Amino acid sequence: MPLHKYPVKIWDALKMKQGIYARLPKHYLKSLEPKEPTAVHWRPLGVQYRANPKTGQKERVQDVPIPIYYPPQSQDGLWGGEGWISGYRYANNDKLSNRLNKTWKPQLFKRELYSEILDHKFTITVTARTLDLIDASYGFDFYILKTPKEDLSSKLGMDLKRAMLLRLARKDTELYPNDSGKRQKVYHKYKQFEIPEEEAEWIGLSLEEAVEKQRQLEHKEPEPLFMACVKKLEEELHIQKLTQPHLTEKK
C-alpha cells in the first residue's frame with residue numbers, strides 16, 4: 001500500500017497548481033519551464049541515426065549531453081554556461097593503469113565590465129568564453145539582454161537583466177542627469193528589449209523570492225474595529241441628513 005496519495009516525484013509539479021503558487025503571474029510561471037541550454041562542453045550531432053563509415057549500416061546515434069555541475073560561486077559571476085565536469089583519467093596516461101577521479105573546471109578571471117544602461121562598472125568573475133560572447137554581442141548590455149536564462153545560468157546575470165529592463169521600462173531620468181541627449185540615445189539603442197514594468201519586476205526572481213513578492217502584494221493591513229464603526233456612523237449620519245426636510249426661512 002502506498003504511503004502517499006501522489007508519488008513524491010510529482011510533488012513539485014502539484015505544488016505549482018494550488019495555493020499562492022497558482023496565483024503567480026503567468027509570464028513568470030512560463031519562465032520556470034525547463035529549457036535545454038546551448039551546448040558548451042559537447043557538440044550535438046542533431047540526428048538520431050547515421051550510416052556507419054565502415055559497413056554503411058544505419059545505426060542509432062547516442063546524442064547524450066554531458067552532465068554539468070554549477071557550483072554556488074557560479075551564481076555570483078558570469079561563466080558563460082561553463083561549469084564543472086566530473087570524469088575519470090588514467091594514472092600516468094596509461095590505459096592499463098587504474099582510473100582516477102578528475103574534475104575539469106573553467107579558468108576564471110576578474111574583469112571590470114561597464115553597463116551603459118545602469119551607468120556603472122561591475123567587477124565580475126568571468127571566463128574566456130564569457131568575454132568572447134560579450135564581444136560577439138557588441139557590448140556587455142547586449143549580452144545580458146540577449147542571453148536567455150538557461151544560458152546565463154547565473155543569479156547575478158538575471159539580477160542585472162532585471163535592473164536593466166526596469167530602467168528601460170521606467171525611462172529613469174537618473175541616467176545621465178546632466179546629458180538628456182545621451183540618455184535618450186541609450187534608451188533608443190536598447191528600445192527593442194523594452195517590456196512592461198509589471199513584467200520586468202519578476203525577471204530573474206527565484207521561486208522563493210517570487211512567492212514572497214506575491215505575498216506582499218496580496219497582504220492587507222487589518223483595519224481597526226473603531227475605524228469601521230466610524231465609517232458606518234458617517235454613512236448613517238449622511239443618509240439621515242439627506243432624508244430630513246430642508247427648511248428655508250422666508251425674508
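What you see below is based on every heavy atom in this structure, not just the backbone, and it leaves out hydrogens, waters and symmetry mates. Because the structure is a prediction, the values reported are computed rather than measured.
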Is [X] atom [atom1] crowded by more than 12 heavy atoms from other residues, nucleotides or ligands, each under 6.0 Å away?
| X | atom1 | answer |
| --- | --- | --- |
| Lys102 | NZ | yes |
| Gln48 | CD | no |
| Gln73 | CD | yes |
| Asn92 | CG | no |

Between Lys155 and Asp159, does any NZ, NE, NH1 or NH2 come within less than 4.0 Å of an OD or OE carboxylate oxygen?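 Yes, this pair counts.
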Does any part of the side chain of [Y], heavy atoms only, come nearer than 4.5 Å to the side chain of [X], both counted from C-beta?
| X | Y | result |
| --- | --- | --- |
| Thr127 | Gln107 | no |
| Tyr143 | Leu160 | no |
| Lys171 | Arg183 | no |
| Lys149 | Leu32 | yes |
| Arg89 | Arg99 | no |
| Met164 | Ser115 | yes |
| Thr103 | Ile85 | no |
| Leu24 | Trp202 | yes |

Working for side-chain contact (heavy atoms from CB on, under 4.5 Å), residues Ile134 and Leu78: CA-CA 11 Å; Ile134 292 175; Leu78 295 173; 5.6 Å; no
Name all residues meeting the side-chain hydrogen bond (donor to acceptor under 3.5 Å, both in side chains) criterion together with Glu150; count only those two or more places apart in sequence or in a different chain, and write none if there are none. none
According to side-chain hydrogen bond (donor to acceptor under 3.5 Å, both in side chains), who are the partners of Ser74, at least two apart in sequence or on a separate chain?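 Per chain and number, Ser74 pairs via side-chain hydrogen bond (donor to acceptor under 3.5 Å, both in side chains) with no residue.
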Would [X] end up clustered with [Y] when hydrophobic side chains under 4.5 Å apart are linked, directly or stepwise?
| X | Y | answer |
| --- | --- | --- |
| Leu118 | Val126 | yes |
| Leu113 | Phe193 | yes |
| Ile144 | Met158 | yes |
| Tyr28 | Leu217 | yes |
| Leu165 | Leu156 | yes |

Checking the side chain of [X] only, and the main-chain atoms of [Y] only, is there a donor and an acceptor separated by less than 3.5 Å?
| X | Y | answer |
| --- | --- | --- |
| Asp172 | Leu175 | no |
| Asp141 | Ile117 | yes |
| Asp63 | Leu45 | yes |

So, taking the atom named [atom1] in [X] and the one named [atom2] in [Y], what distance separates them when rounded to the nearest 0.5 Å?
| X | Y | atom1 | atom2 | result |
| --- | --- | --- | --- | --- |
| Lys58 | Thr55 | NZ | OG1 | 13.5 Å |
| Lys191 | Gln184 | NZ | CD | 10.5 Å |
| Glu234 | Ile239 | CD | CD1 | 12.0 Å |
| Ser31 | Ile203 | OG | CD1 | 6.5 Å |
| Lys110 | Thr123 | NZ | OG1 | 7.5 Å |
| Thr130 | Trp79 | OG1 | CH2 | 10.0 Å |

Minimum heavy-atom distance [X]-[Y], with the two atoms named:
| X | Y | answer |
| --- | --- | --- |
| Leu108 | Thr125 | CB-CG2, 3.8 Å |
| Tyr88 | Asn101 | CE2-OD1, 2.9 Å |
| Val61 | Arg50 | CG2-CG, 3.5 Å |
| Lys17 | Ala22 | C-CB, 3.7 Å |
| Ser154 | Gly77 | OG-O, 2.5 Å |
| Gly83 | Pro106 | O-CD, 3.4 Å |

Dump the intermediate steps for salt bridge (Lys or Arg N to Asp or Glu O under 4.0 Å) on Lys105 and Glu82, then the final yes or no. CA-CA 8 Å; Lys105 301 179 182 180; Glu82 295 187 69; over 6 Å; no
One pair to check against side-chain contact (heavy atoms from CB on, under 4.5 Å): Val40 and Ile66. What are the steps and the verdict? CA-CA 9 Å; Val40 177; Ile66 298 176; over 6 Å; no
Sort and list the pairs that fulfil ring pair (Phe, Tyr, Trp, His ring centres under 6.0 Å) and have at least one residue in [range], not counting sequence neighbours.
| range | result |
| --- | --- |
| residues 114-133 | His120-Phe122 |
| residues 42-71 | Tyr69-Trp84 |
| residues 147-190 | Phe142-Tyr190 |

Looking only at side-chain N and O atoms, does Glu59 offer a donor or acceptor that is under 3.5 Å from a partner on Asn52? yes
Enumerate the salt bridge (charged side-chain N to carboxylate O under 4.0 Å, His left out) contacts for residues 112-140, please, sequence neighbours excluded, ordered by first and then second residue.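 Counting only pairs at least two positions apart or across chains, the salt bridge (charged side-chain N to carboxylate O under 4.0 Å, His left out) contacts touching residues 112-140 are Glu116-Lys189.
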Contact list for residues 26-47, test salt bridge (charged side-chain N to carboxylate O under 4.0 Å, His left out), sequence neighbours left out: none
Going by side-chain contact (heavy atoms from CB on, under 4.5 Å), name the residues that satisfy it together with Lys15, two or more places apart in sequence or in a different chain. Asp12, Tyr21, Leu207
With sequence neighbours left out, write down each residue that passes side-chain contact (heavy atoms from CB on, under 4.5 Å) with Asp94, or none if nothing qualifies. Leu96, Ser97
Once salt bridge (charged side-chain N to carboxylate O under 4.0 Å, His left out) is applied, do any residues pair with Glu212, and if so which ones, sequence neighbours excluded? Arg215
Taking salt bridge (charged side-chain N to carboxylate O under 4.0 Å, His left out) as the test, write out the residues that go with Lys213, two or more places apart. Glu201
Taking only residues two or more places apart in sequence or in another chain, which ones pass ring-ring contact (aromatic ring centres under 6.0 Å, His included) with Tyr90? none
Show, in sequence, the C-alpha distance, side-chain angles and deciding distance for Ile124 and Phe140, and conclude whether the side-chain contact (heavy atoms from CB on, under 4.5 Å) test is met. CA-CA 12 Å; Ile124 304 176; Phe140 176 63; 4.0 Å; yes
Check against side-chain contact (heavy atoms from CB on, under 4.5 Å), Glu218 and Arg23: CA-CA 10 Å; Glu218 295 178 355; Arg23 299 195 298 273; 2.8 Å; yes
